[in-house]
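Indexing begins at 1, ligand by ligand and atom by atom, following the structure's order. Since the structure is predicted, the reported quantities are computational estimates derived from the model, not experimental observations.
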Amino acid sequence: MIRIDAAPFTFSLDPSATALVVIDMQRDFIEPGGFGEALGNDISHMQRAIAPTGKLLQLFRQKGWPVIHTRETHAPDLSDCPPAKRERGSPALRIGDTGPMGRILIRGEPGAEIISDCAPVAGETVIDKPGKGAFYATELGKILEGFGVKHLVFAGVTTEVCVQTTMREANDRGYECLVIEEATESYFPEFKAATLDMIRAQGGIVGWTAPLANFENAITQ
Ligand code: TIU
């Protein structure tokens, strides 16, 4: 087992049973004209997560450990987008509307693609998910069972929405979950801080958090 200096206490992972899950590093959340900006958010916060997520990808690729990317997307006919989701809030552009990167959060459109700095490489799994959590209405559970993994390392955006929801789903399914602190971001810095706090409160009620350097040092020793 590899021991990582994490909070609220040491995170132990089995190098033969650990996968990286990179949540929704899509143009629609990170670049101008996408869903994140249409919701009224300051997308500049997302920039901070890009290099650390790229570094994590590099570390997992060097190790040959499984990498899974998720994308929040919907079918072109919106058959997998509940009206309650499409109508929520008062976005300038709703899911399915046409913006500068094509139709918002629609599979196959430029905005739905993963940003080039974090793009999947051959052999990596890409999961399209209609919800905030990556287990809902996807094959993720079966894919993880196929890999035989028990420990999941998380990166991606946004911390309190899709990352936290997926971590909680994974925790309920018995996975040991670690989020890398610099490799996730929120449009609201205070929400990121609160989310990391609540993950590791109560003895790691839904997981652990660790700085990237602690993870890198532990796995490259
Ligand atoms: N709005 C927001 O913070 N997030 C999302 O809608 N999706 C993800 O977190 N991926």
Side-chain angles (χ1 to χ4, degrees), residues 20-50 52-53 56-57 68-75 78 80-97 99 101-107 109-115 117-120 125-138 140 152-171 177 179-196 198-199 206-207 209:
L20 175 63
V21 183
V22 181
I23 302 286
D24 302 357
M25 289 296 282
Q26 295 163 255
R27 299 183 65 197
D28 263 329
F29 293 109
I30 296 171
E31 296 186 9
F35 186 57
E37 193 174 68
L39 291 168
N41 295 309
D42 176 359
I43 56 166
S44 68
H45 293 291
M46 300 291 103
Q47 294 297 318
R48 291 189 292 272
I50 297 174
T53 302
L56 262 183
L57 283 163
I68 294 150
H69 304 259
T70 71
R71 299 186 294 207
E72 183 175 345
T73 62
H74 293 279
L78 296 176
D80 58 1
C81 183
K85 179 175 182 184
R86 187 159 191 269
E87 288 158 18
R88 189 71 51 83
S90 52
L93 290 169
R94 292 185 187 280
I95 296 167
D97 289 350
M101 293 188 286
R103 294 181 67 203
I104 299 274
L105 291 190
I106 299 298
R107 243 162 267 152
E109 298 286 335
E113 294 306 319
I114 293 170
I115 59 167
D117 287 336
C118 300
T125 304
V126 180
I127 293 189
D128 284 296
K129 62 182 183 61
K132 303 305 183 190
F135 286 85
Y136 169 68
T138 73
L140 179 58
L152 299 178
V153 177
F154 283 92
V157 299
T158 61
T159 317
E160 79 280 13
V161 183
C162 292
V163 176
Q164 176 170 224
T165 302
T166 304
M167 262 187 94
R168 286 171 181 269
E169 287 181 325
N171 183 69
C177 299
V179 63
I180 302 300
E181 293 162 8
E182 301 91 333
T184 183
E185 269 305 332
S186 168
Y187 301 116
F188 306 87
E190 67 275 25
F191 287 180
K192 172 180 170 175
T195 302
L196 296 181
M198 66 179 81
I199 285 167
V206 292
T209 82

When you measure from the side chain of [X] to the backbone N and O of [Y], does any donor-acceptor pair fall under 3.5 Å?
| X | Y | result |
| --- | --- | --- |
| R27 | G111 | no |
| Q164 | T159 | no |
| D28 | L105 | yes |

For [X], take its heavy atoms, then give the atoms of ligand 1 lying under 4.0 Å from any of them.
| X | answer |
| --- | --- |
| F35 | 6 (O) |
| D24 | 8 (C), 10 (N) |
| V157 | 8 (C), 9 (O), 10 (N) |

Task: SB check E109 R103 (cutoff 4.0 Å) - done: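 Answer for the salt bridge query: no.
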Which residue owns the protein heavy atom closest to [atom], what's the atom, and how far is it?
| atom | result |
| --- | --- |
| atom 8 (C) of ligand 1 | C162 SG, 2.7 Å |
| atom 7 (N) of ligand 1 | E72 OE1, 2.9 Å |
| atom 1 (N) of ligand 1 | L39 CD1, 3.7 Å |

Open item on the list: Applying side chain to side chain contact (heavy atoms under 4.5 Å, CB included) to Y187 and I43, what does each step give before you reach the verdict?
Closed with: CA-CA 6 Å; Y187 301 116; I43 56 166; 3.9 Å; yes
Task: Candidate with minimal heavy-atom separation from atom 6 (O) of ligand 1, of Q26, K85, K132 - done: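 Checking each option, the heavy atom nearest atom 6 (O) of ligand 1 is found in K132.
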TODO: Could you tell me whether T158 approaches ligand 1 through its side chain, its backbone, both or neither, with non-hydrogen atoms closer than 4.0 Å?
DONE: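 Within the 4.0 Å criterion, T158 contacts ligand 1 through backbone and side-chain atoms alike.
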Task: Per-residue contact class, N41 against ligand 1 - non-hydrogen pairs under 4.0 Å - done: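 Contact part for N41 vs ligand 1: neither.
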Open item on the list: Minimum heavy-atom separation for F29 and M46, please, with both atom names.
Closed with: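 Closest approach of F29 to M46, heavy atoms only: O-CG, 3.4 Å.
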TODO: Determine, stepwise, if the pair R86 / H74 fulfils side chain to side chain contact (heavy atoms under 4.5 Å, CB included).
DONE: CA-CA 11 Å; R86 187 159 191 269; H74 293 279; over 6 Å; no
